[in-house]
Amino acid sequence: MRPSSPLIEVARLSHSYGDKEILKGLDLGIARGEVFALIGPTGAGKTTLLRIMDLLEIPSSGEIYFDGQRVPRSGKQRLAIRRRMSFIHQKPQVFNASVYDNVACGLNWRGEARNKIVAKVDCILETVGLEGYKNRNARTLSGGEAQRVALARSLVLQPEVLLLDEPTANLDPVSATKIEELLSTAARQRNTTMIMATHDMSQGQQLADRIGVLLDGRLVQTGNAGDIFRSPQSTEVAHFVGVENIIGGIVIANDEGVATISVGDDHHGIGIQAVSGCPAGQQVYACIRPEDVTLTPMLYQSSARNSFQARVTRVTYLGPLSRVEMDCGFRLIGLVTRISAEELNLQAGHELYATFKATAVHLMERKSRQ
Amino acid sequence: MRPSSPLIEVARLSHSYGDKEILKGLDLGIARGEVFALIGPTGAGKTTLLRIMDLLEIPSSGEIYFDGQRVPRSGKQRLAIRRRMSFIHQKPQVFNASVYDNVACGLNWRGEARNKIVAKVDCILETVGLEGYKNRNARTLSGGEAQRVALARSLVLQPEVLLLDEPTANLDPVSATKIEELLSTAARQRNTTMIMATHDMSQGQQLADRIGVLLDGRLVQTGNAGDIFRSPQSTEVAHFVGVENIIGGIVIANDEGVATISVGDDHHGIGIQAVSGCPAGQQVYACIRPEDVTLTPMLYQSSARNSFQARVTRVTYLGPLSRVEMDCGFRLIGLVTRISAEELNLQAGHELYATFKATAVHLMERKSRQ
Amino acid sequence: RPPALKVATTSSLYDTGLWEYLEPKFEDKYGTKLHIFYAGTGIALEYGKRGDVDAVVIHDKPREEQFVAEGYGVERVPFAYNYFLIVGPSGDRAGIKGLCAEDAFSKLMETGSGDFVCRGDDSGTHAKEKAIWQAAGFGYEAVQQAGAWYIETGRTMGPTLLMANEKNAYTLTDNGTFLAYRSDLDLVPIVETGAVLLNVYSVIAINPERHPETNVEMANDLVYFLISPEIQGLIGNYGVAEYGVPLFMPCAGQEPEE
Amino acid sequence: MELIVSFDPEVMEITARTLRIAGTSCLLASLISLPLGSLVHFRRFRGKRVLVNIIQTLFSVPTVVIGLLVFVLLSRTGPLGDLDILFTPAAMVIGQMILITPILLGLTISALSGVGKEVVETATSLGASGFQLALLSLKEARYAVVAALILGFGRAISELGIAMMVGGNIRGFTRVMTTAISLATTKGELELALALGMLLLLLALVINIALNRLQQR
Amino acid sequence: MELIVSFDPEVMEITARTLRIAGTSCLLASLISLPLGSLVHFRRFRGKRVLVNIIQTLFSVPTVVIGLLVFVLLSRTGPLGDLDILFTPAAMVIGQMILITPILLGLTISALSGVGKEVVETATSLGASGFQLALLSLKEARYAVVAALILGFGRAISELGIAMMVGGNIRGFTRVMTTAISLATTKGELELALALGMLLLLLALVINIALNRLQQR
Ligand SMILES: Nc1ncnc2c1ncn2[C@@H]1O[C@H](COP(=O)(O)OP(=O)(O)OP(=O)(O)O)[C@@H](O)[C@H]1O
Ligand SMILES: Nc1ncnc2c1ncn2[C@@H]1O[C@H](COP(=O)(O)OP(=O)(O)OP(=O)(O)O)[C@@H](O)[C@H]1O
Ligand SMILES: [Mg+2]
Ligand SMILES: [Mg+2]
């Protein structure tokens, strides 16, 4: 027994399928009640990690600790531990039985009393909006309905740990929001620990206490949403979390924690200011999230330190937002509301001013060989 | 043969499973080369409609026309027609065979020459980013990889019609963008007709020439993205497409096409102005998309006709955006960039001004019984 | 399970229905069950050797004598007999009608002008056939290799008759089975007389010294039952009603004269 | 003809005995095969492939050979001679179990192989124990499992070699449909044999319909 | 003992004949059953359930009954008597086909029932014709299909009633393993019978390994 250890922890975890190493020495501990989001491109190993945590797969090497105890590689204890968790798989698979039987099965398997089961199932079906589906064969449900059955089936167990693999991938935004609310309620009210793999960045951001970025089998960065989205530690992470501006340059001065970086294709004199301790002479990447860029028709006096004249090269619409590509001597992408875009009459060729704060610039060291 | 008819058309299409009517008399025609997005909440019948269009299911009643010809309810011709289409199912199902065999099967079935098949498969695998996976058993792929196999398998057939059911549900944003580009390239270069069911509003908006909203088995509205997202024809559609402000009121005056609507809990004197021909006395809903609401610290003089003093009641963060709930005498929700939110120092209790244009207000008649 | 007397019997005897006829009479008389197994001669003797039955009833004198000599059986008690006969197609292609059995076989062998179906199963009938070949002066191996006309089927009597019928061939059969099958057959008796064709059925109780667990009293009851005058009379009349002639001649424990 | 057959008291008795013996052996064999087959399917172990090959090989054991083996075992002088059950229905049940257990075992494994890996993993995640997992999988594969049971029962009810060899075809005690048919054939009563055959099929039909009902629930 | 058995030229000849006959009937039966089973599985038609019930009922036909039927058909005075193939290997093949076709048919249907509806629909969407769909589904269910083939072959190689009744167990012409075993048994040569039985199993094992290889490709 290791005192005050995380509820679930993996150490030096590696896993291979055949010759292919999928997970490469992960260390990760998740505290009781924590909501942890695992993000990463497809094929990164998210599902594999969740499967190992749910004790479905035995890792090639490394250890898993649950509630302070080392999980053995075989034996009855694994079932006991697994019953304290519940895993909602990426492709929700329903059993060829009624919706009721699907949702009740976990409780049945735990030997719960029948009348309790009936009450619990009724309650959870209502919660996920499937009242009246009780006697339907689950195989005939629509994609979203099946996903909700899968959710209900896990939630009804009130597990200590909930492992979720893309829990809302098949749901429309309205239903997805409902489910997210359901999950965060569970997390708060029952102190459920949650580990979710998700492609939906905003879901990760909203629900998670902490986010881990899995790239190519390595957990390259963990931290809260702010860390991950604003201070990525590598260009790969930056790229993945939607930092569209990754501008190479060199620090030419550092004045009391405000660095000036020379950027641009031929480095002739465009300087970006960033709040950073980076010393002069350091090769860096300056990372700026597109939504941190504001556009104004005139040079706009504000606390933002960086303001550049820009020529719009392309505008694309993404729902309520417009993505504006600009040339300011370097390539800059901004994200503004559609209404601002209309007011500014944004279109290719248009000239305007792009502004971002020195605090919005995140500097990343750049290996010199690059 | 009906001249200049749509490539694919359904007429008075209804479908039931048992007693349950899933599709209720749809009429829809899709022109050659058109990209049509089908949106709607889960269980609305999107998959059912696509299945019927792919001739997998025989509708309870109604007709399907393909390329001007009535599709018979049985017989060889159905196969011939089906081979001109390709359907990417919601839950991509790969065959228990190598990735190559999975992607090649459609071509094999069409009797294509072996060397051509090899070349085509190699090419498409590269396009979807699965080069090097050729000999892997497809059952061992990750969720996203499997989805790309499913896409490749359909795209390699270069069908005239591509039916897509949530084509990017299992993909991370970067991969999803790649696939979307792939699809729009296919649509442009090969004039492929596409019908896609999607929960991703921005996907629908970006790729589709036309959008249809399916609610509870009825195609309640079709139109371009602007129509659907800005001028929903019912509160249900409005709600579904993310019009968060649906404000009940009554037109008290109409002055040369600018209507004034009295709103607010007790109707004492709050007036919204909208560009509309709606006559005085009409009960209406005023619909305002949250991203059309701008927030300013001072009363801001602009062409926008509506400006209200507002008290912030709640702020939530959605990725690059902040959702602001306000009380202006009526409840108003605004969506601003996170940077504006920070600049405005938005937090509950804060007072500011909310502004939206008269053109951003869409009026919907309100049945008097309500 | 009530005690039962277990008897292994040769199929040709069972197929005539004689056992079904006698069984209830025995059971009534001794108030016990009689369990009859029909089997080939070889397996019937094997049952006996292993002590799985209490008595055997077969028709292969040399092997019976050997069985008793080896100490498995108490005593060989003949209780009925009839005759084998050579049957064949009514046209009698080989022209053996009127010959004695040995000469008939010689002619078949020498001319090869008629097919002959052999049981080939080491049954009593097969043993008799081999004995006739022997008497006719042929080694059995030579017969087996004589040509396609000599067909070894390896089956019981009934099916062998059916095959001979299908192939328009000759075969050696016991009288009882032939009569039982007669209605399904086009075959007719060709050779029916001669001492060599004598077919004796005997009963042997298993030696209790070998297998103390066998039921020797009941086995003895069966022996006495079979040679009792009353039953001998019934055996002598069995089949008269159906076929017009008796299927068996009683011989009351005595070896019938050849 | 058939009517006569089916109302004859001896035929009725033989029919009942046939059903009883085949039913018992099928039941016992499935009680062994369903759990054991699940175990083989779900457990990973060395030599599993070999085991499956051996099980499948046992599909080919002729009934005479099983009959012979059981006979040698149960015969007075055999290792189990003291049981004194040779030539009884119990011995026939044992023989038929030996016959159909490999078949049920093999078909159970092959039925379970049709259940998707995802279904199995989902159940495991939901906390199914090994036993519960097996039960669920058998339910998911119920069509194939019931087909296997029907086949096993059919094999038991239609086999001759064992019934003959270890049952002994004793009238009123171990005579079953197939041995009765065989006897009728040897006696040259071909029509009776065929009529009994039809009766057997009729029985099988009734049983199958009942078992299929079970599966469709 | 076994060595003697396997090198005896007559035993070798019987072995070869057994394989040839059972292999032929299994091959022909699968050529019928795989397409027909797919047809039954994929087509929707009235009376399908009844048909499946009938097919499954035929699992229970005793080999003696089939033997008898074929005998009656092929006998000189029977409807097909002119073919003059009674007591030939051809007749045995026919009988064995009648025996195993229902089994292969039933097991094909049950194997296909294990293939997910989604897989079938995906293939349909990709333009598979009925035939191509069946082929794909059989491939997806290959484990169960091969198990069915092994079972069918096992049934053919191990059956006795048909070989006896329509083959006639003629030495050097229609004698196969099972009839030879049965003959040895009747003769009381139990050890020879058992040895032949073991040889038969050895053969079956080899065939099964080969068929399983096929499936694992
Ligand atoms: N049985 C297997 N054999 C070989 N490779 C495998 C196997 N299972 C998974 N992989 C590979 O491992 C990698 C990681 O898979 P995993 O399912 O964990 O990815 P993921 O991060 O969940 O991706 P996605 O977002 O697409 O679901 C993938 O490249 C996949 O192809
Ligand atoms: N075989 C069936 N029997 C009964 N109801 C069915 C059957 N198939 C589908 N349904 C019902 O039809 C409705 C529409 O299903 P459909 O799959 O078309 O929905 P959808 O719009 O695609 O939803 P989603 O976004 O969740 O995929 C659902 O409520 C579903 O439960
Ligand atoms: Mg995954
Ligand atoms: Mg759907």
Side-chain angles (χ1 to χ4, degrees), chain D residues 49 52-54 56-69 71-72 103 106-107 109-111 113-116 141 143-144 146-148 150-151 153-155 157-161 165 177-178 181-182 185 190 193-194 196-198 200-205 207-209 211-212 216, chain E residues 49 52-54 56-69 71-72 103 106-107 109-111 113-116 141 143-144 146-148 150-151 153-155 157-161 165 177-178 181-182 185 190 193-194 196-198 200-205 207-209 211-212 216:
Chain D
R49 240 189 220 173
V52 170
N53 267 323
I54 290 174
Q56 291 182 337
T57 300
L58 296 180
F59 293 177
S60 304
V61 195
T63 54
V64 261
V65 173
I66 296 177
L68 211 58
L69 272 174
F71 169 77
V72 170
I103 295 177
L107 291 185
I109 295 171
S110 105
S113 80
V115 177
Y143 185 93
V146 167
I150 291 176
L151 188 80
F153 179 78
R155 191 79 185 89
I157 209 175
S158 69
E159 74 79 30
L160 173 63
M165 195 74 197
M177 301 287 281
T178 49
I181 292 170
S182 163
T185 311
L190 303 192
L194 282 178
L196 286 172
M198 294 303 125
L200 182 63
L201 286 190
L202 206 72
L203 279 184
L205 184 63
I207 303 278
N208 295 353
I209 289 174
L211 278 172
N212 272 318
Q216 274 148 14
Chain E
R49 241 189 221 173
V52 170
N53 267 324
I54 290 174
Q56 291 182 337
T57 300
L58 296 179
F59 293 176
S60 305
V61 195
T63 54
V64 261
V65 173
I66 296 178
L68 210 58
L69 274 174
F71 176 83
V72 170
I103 295 177
L107 292 185
I109 295 171
S110 105
S113 78
V115 177
Y143 184 93
V146 168
I150 290 176
L151 189 80
F153 180 78
R155 191 79 183 89
I157 209 175
S158 69
E159 75 78 30
L160 173 63
M165 195 74 196
M177 300 287 281
T178 49
I181 293 169
S182 163
T185 309
L190 302 192
L194 282 177
L196 286 172
M198 294 305 125
L200 181 62
L201 286 191
L202 206 71
L203 280 184
L205 184 64
I207 303 278
N208 295 354
I209 289 174
L211 278 172
N212 272 317
Q216 274 147 14

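Residue numbers begin at 1 in each chain, while the letters A, B, ... track the order of the sequences.
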Side chain / backbone / both / neither for E:L200 at chain D, heavy atoms under 4.5 Å: side chain
Closest approach of E:L107 and D:L151, non-hydrogen atoms and distance? CD1-CD2, 4.3 Å
Measure the spacing between CG of E:N208 and OG of D:S60 and express it to the nearest 0.5 Å. 5.5 Å
When only pairs under 4.5 Å are counted, which of E:I103, E:L201, E:T63 shares the most heavy-atom pairs with chain D? E:L201
Considering only heavy atoms and a distance below 4.5 Å, find which of E:G161, E:S158, E:G114, E:G154 pairs most often with chain D. E:S158
Got a second to check how far D:I207's CD1 is from E:N53's CG, nearest 0.5 Å? 12.0 Å
Count the heavy-atom pairs under 4.5 Å between each of E:L69, E:I157, E:I209, E:V64 and chain D, then report the option with the highest count. E:I209
Under 4.5 Å to a heavy atom of chain E? For D:I150 that would be both
For D:F153, what residues pass the ring-ring contact (aromatic ring centres under 6.0 Å, His included) criterion, not counting sequence neighbours? none
Rounding to 0.5 Å, atoms CG (D:L190) and CZ (E:F71) come to a distance of 7.0 Å
Could you tell me which portion of D:V52 (side chain, backbone, both or neither) has an atom closer than 4.5 angstrom to a non-hydrogen atom of chain E? side chain
Looking only at non-hydrogen atoms, find the nearest pair between D:Q56 and E:N212 and report the distance. OE1-ND2, 2.8 Å
Residue from D:R49, D:M177, D:E159 scoring the most non-hydrogen pairs under 4.5 Å with chain E is D:R49
Given the options D:A111, D:G197, D:A141, D:A144, which has more heavy-atom pairs under 4.5 Å with chain E than any of the others? D:A144
Option in D:L194, D:I109, D:L58 with maximal non-hydrogen atom pairs under 4.5 Å from chain E: D:L194
How close do E:I181 and D:V65 get, heavy atom to heavy atom, and via which atoms? CD1-CG2, 3.7 Å
Among E:V72, E:L68, E:T178, which residue has the highest count of heavy-atom pairs closer than 4.5 Å to chain D? E:L68
Bottom line for E:V115: the part with an atom under 4.5 Å from chain D's heavy atoms is neither
Point-to-point distance, once rounded to the nearest 0.5 Å, from CG of D:L202 to OG1 of E:T57: 9.0 Å
